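Below is one structure, written out as structure tokens; the observations come after it.
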Amino acid sequence: MDRFLHKLDTSVPPRLVITDSAHEAGNAARQVWPVQPGPSFPLPFVKRCEHHLYANARDALAEDRVSHWGSVRMEALSDAFRSLDGWQAFTAVTRHPKLVAAQAWTAANDELVIAQAGVRHLLPDHHSTAALDTHLGTVR
């Protein structure tokens, strides 16, 4: 993947790199554009695709059998990645002893989502790689 990125003009880092669940793309971006110390967030900001985060959270809710349409958890999931308040609301409704998979998923992704949601308003208005899924398989 980093060989692919080096074929592009890498002299100026993009503001944002969105990856799916694969860590290779984020790692490759960091190889090409290492994090520079400074007071602001790193350029490029490497972000996980919100569509893939949503799908993974929905799968965890389905495992706990609470992913039905109109449920309070699914409603909260709709805004979970848009702001810190949305994430906090989602994690609050998944705090239940019977929601083992959802709690495990939120715990595993808490730091990532907080970092992304906290600066989302500062980033370009792109949040997903879902439309490219078919083509990304070819690139890989």
Side-chain angles (χ1 to χ4, degrees):
M1 180 62 118
D2 58 334
R3 286 189 312 221
F4 169 75
L5 291 175
H6 278 296
K7 290 181 181 183
L8 305 173
D9 177 7
T10 59
S11 60
V12 177
R15 288 189 61 213
L16 176 65
V17 172
I18 302 173
T19 70
D20 60 3
S21 298
H23 296 287
E24 296 88 9
N27 293 341
R30 286 290 156 241
Q31 289 286 330
V32 175
W33 301 288
V35 174
Q36 302 295 321
S40 64
F41 59 87
L43 288 179
F45 188 84
V46 178
K47 172 181 174 167
R48 284 270 307 280
C49 168
E50 291 179 13
H51 166 77
H52 288 94
L53 288 170
Y54 179 95
N56 296 149
R58 184 192 60 224
D59 290 348
L61 291 171
E63 190 175 328
D64 290 332
R65 299 175 191 238
V66 292
S67 63
H68 56 281
W69 185 83
S71 76
V72 66
R73 289 159 192 93
M74 290 301 290
E75 292 291 324
L77 179 57
S78 295
D79 290 325
F81 310 114
R82 295 180 184 177
S83 68
L84 292 174
D85 288 341
W87 179 246
Q88 290 170 350
F90 177 68
T91 58
V93 298
T94 58
R95 284 190 199 113
H96 188 281
K98 293 184 179 181
L99 301 180
V100 176
Q103 283 188 33
W105 189 89
T106 56
N109 290 279
D110 190 56
E111 188 176 309
L112 170 86
V113 175
I114 287 172
Q116 287 187 192
V119 297
R120 188 178 194 261
H121 65 285
L122 300 172
L123 297 170
D125 201 19
H126 303 286
H127 309 290
S128 177
T129 63
L132 300 172
D133 278 351
T134 302
H135 303 291
L136 289 174
T138 304
V139 171
R140 282 197 187 103

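Not measured: the values here are computed from a predicted model.
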Q) Does a donor on one side chain sit under 3.5 Å from an acceptor on the other, for His127 and Arg82? A) no
Q: Not counting sequence neighbours, which residues clear side chain to side chain contact (heavy atoms under 4.5 Å, CB included) with Ala102? List them please.
A: Leu61, Asp64, Thr94, Leu99
Q) So do Pro42 and Trp33 actually touch side chain to side chain, heavy atoms under 4.5 Å? A) no
Q.
Can you give me the closest heavy-atom contact between Cys49 and Ile18, atom names plus distance?
A. CA-CG2, 3.7 Å
Q: Considering non-hydrogen atoms only, spot the tightest contact between Gly70 and Glu75 and give its length.
A: CA-OE2, 4.0 Å
Show me the donor-acceptor pairs, under 3.5 Å and distance only, between side chains in residues 111-119 and residues at least two apart or in other chains.
residue : atom : partner : partner atom : Å
Gln116  : OE1  : Arg48   : N            : 2.6
Gln116  : NE2  : Arg48   : O            : 3.3

Q: To the nearest 0.5 angstrom, please state how far the NE2 atom of His126 sits from the CD atom of Glu50.
A: 12.5 Å
Q. Are Leu53 and Leu84 grouped together when hydrophobic residues (ILVMFWY) are joined by side-chain heavy atoms under 4.5 angstrom apart?
A. yes
**Q.** Closest approach of Trp105 to Asn56 (non-hydrogen atoms, all atoms of both residues)
**A.** NE1-CB, 3.4 Å
Q. Testing Asn109, Asp79, Asp110 for side-chain hydrogen bond (donor to acceptor under 3.5 Å, both in side chains) with Trp87, which one passes?
A. Asp110
Q) Quick one: does Lys47's side chain get under 4.5 Å of Arg120's, heavy atoms only? A) yes
Q | Smallest separation among heavy atoms of Pro34 and Val32, with atom names | A | CD-O, 3.5 Å
Q: Quick one: closest heavy-atom pair of Ser67 and Arg58, and the distance?
A: CB-O, 4.1 Å
Q: State, with a plain yes or no, whether a side-chain heavy atom of Tyr54 is found less than 4.5 Å away from one of Leu77.
A: yes
Q: Just jot down the side chain to side chain contact (heavy atoms under 4.5 Å, CB included) partners of Ser78, sequence neighbours excluded, or say none.
A: none
**Q.** Minimum heavy-atom distance between Gly86 and Ser83, given as atom pair plus value
**A.** N-OG, 3.0 Å
